[in-house]
Amino acid sequence: QVQLVESGGGLVQAGDSLTLSCEASGRTFSGYAMGWFRQAPGKEREFVAAINWSDGTTYYEPATQDRFAVSRDVAKTTLYLQMNNLKPDDTAVYSCAADPWITAQAMDLRVDDLTYWGKGTLVTVSS
């Protein structure tokens, strides 16, 4: 059974940087896509970034592309989200997702169809 466990969230100040991790286990992830999503209080979940596990191709929500970077460590089966210059509007629960049938490019359009989800980690950015 695939398990995704996020870590790295916390309380930071505006302008700070933070790196989130999502440790994946349960199988090999060749052919999978993995992505980061976030849900702010009172808002719908939204796509942040995704990566094709096999070749490292990345895709981003345009609004965060200049500040966030998604990457993966194949040996550690861990997904990362490097977040720079954080803003109060970035406050949300950040969750990772994985899917063997949906590419990274399509993850933002098929949020409800993604197979595996972590429980999320809370990021709070104070002004």
Side-chain angles (χ1 to χ4, degrees):
Q1 181 68 17
V2 172
Q3 286 190 318
L4 304 174
V5 180
E6 302 93 337
S7 61
L11 174 63
V12 297
Q13 293 186 334
D16 285 353
S17 297
L18 200 62
T19 300
L20 305 182
S21 300
C22 172
E23 185 173 351
S25 62
R27 62 153 297 145
T28 57
F29 293 94
S30 176
Y32 272 61
M34 290 193 181
W36 288 100
F37 297 78
R38 66 183 182 183
Q39 187 166 20
K43 295 186 178 181
E44 293 188 354
R45 184 164 51 192
E46 63 178 6
F47 170 76
V48 176
I51 189 167
N52 287 318
W53 194 260
S54 295
D55 65 9
T57 309
T58 56
Y59 295 91
Y60 292 90
E61 161 59 38
T64 56
Q65 186 170 2
D66 60 339
R67 297 186 294 119
F68 291 6
V70 62
S71 62
R72 89 275 193 244
D73 186 321
V74 174
K76 296 181 179 179
T77 59
T78 300
L79 179 72
Y80 300 100
L81 183 67
Q82 172 69 40
M83 303 184 293
N84 300 317
N85 189 24
L86 283 162
K87 306 176 186 300
D89 285 347
D90 295 320
T91 294
V93 174
Y94 285 72
S95 301
C96 63
D99 198 281
W101 298 289
I102 297 173
T103 64
Q105 187 177 14
M107 282 189 122
D108 62 334
L109 300 176
R110 300 188 61 182
V111 176
D112 294 337
D113 297 327
L114 299 178
T115 304
Y116 303 107
W117 287 90
K119 294 183 179 180
T121 185
L122 176 62
V123 174
T124 304
V125 184
S126 64
S127 58

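Computed over heavy atoms, backbone and side chain alike; hydrogens, waters and symmetry mates excluded.
Note: Y94 OH to R45 CZ = 14.0 Å, rounded to the nearest 0.5 Å. Within the model, atoms NZ of K87 and OG of S127 stand 12.5 Å from one another, a figure rounded to the nearest 0.5 Å.
Across every non-hydrogen atom of T91 and P41, the tightest pair is O-CD, 4.2 Å. Taking both residues in full, the closest heavy atoms of T78 and S21 are given as CG2-CB, 4.1 Å, listed atom of the first, atom of the second, then distance. Among all heavy-atom pairs drawn from T103 and A33, the shortest one is C-CB, 3.6 Å. The minimum heavy-atom distance linking Y60 with V70 is given by the pair OH-N, 2.9 Å. Contact record, V93 with K119: CG1-O, 4.4 Å, taken as the closest heavy-atom pair. Nearest heavy-atom pair across M34 and A24 is CE-CB, 3.7 Å.
Sorted by first and then second residue, the pairs that involve residues 106-127 and meet ring pair (Phe, Tyr, Trp, His ring centres under 6.0 Å), not counting sequence neighbours, are F37-W117.
Put simply, the side chain of S126 gets close to the backbone of V12: a donor and an acceptor are under 3.5 Å apart. Although no hydrogens or angles enter the test, the distance criterion places no donor-acceptor pair under 3.5 Å between the side chain of Q1 and the main chain of G26. Between the side chain of S30 and the backbone N or O of S54, no donor-acceptor pair lies under 3.5 Å. Side-chain atoms of E6 come within 3.5 Å of backbone atoms of G120 as a donor-acceptor pair (strictly under, hydrogens ignored). Panel note: side chain T77, backbone S25; no donor-acceptor pair is recorded below 3.5 Å.
Dense packing is recorded around CD of E61, with more than 12 heavy atoms of other residues, nucleotides or ligands lying under 6.0 Å away.
Residues F68 and V125 fall within the same hydrophobic cluster, defined by Ile, Leu, Val, Met, Phe, Trp and Tyr side chains chained together at heavy-atom separations under 4.5 Å. Grouping the Ile, Leu, Val, Met, Phe, Trp and Tyr side chains by contacts below 4.5 angstrom, directly or via other members, places F29 with V74. The hydrophobic cluster containing I102 does not contain L4, counting ILVMFWY residues as joined when their side-chain heavy atoms lie under 4.5 angstrom apart, directly or transitively.
Residues T19 and Q82 bring a donor and an acceptor atom of their side chains to less than 3.5 Å of each other.
Residues T64 and R38 are in side-chain contact: their nearest non-hydrogen atoms beyond the backbone lie under 4.5 Å apart. For the pair V2/R27, a side-chain contact is recorded, criterion being any heavy-atom separation below 4.5 Å from C-beta on. Residues L79 and I51 form a side-chain contact, since some pair of their non-hydrogen atoms from C-beta on lies under 4.5 Å apart. Side-chain contact between N52 and Y59 is present, with heavy atoms from C-beta onward closer than 4.5 Å. Put simply, the side chain of W36 reaches to within 4.5 Å of the side chain of C22, judged on heavy atoms. Side-chain contact check for M83 versus L20: some heavy-atom pair is nearer than 4.5 Å.
Under the 4.0 Å criterion applied to side-chain N and carboxylate O atoms, R110 and D99 are not assigned as salt-bridge partners.
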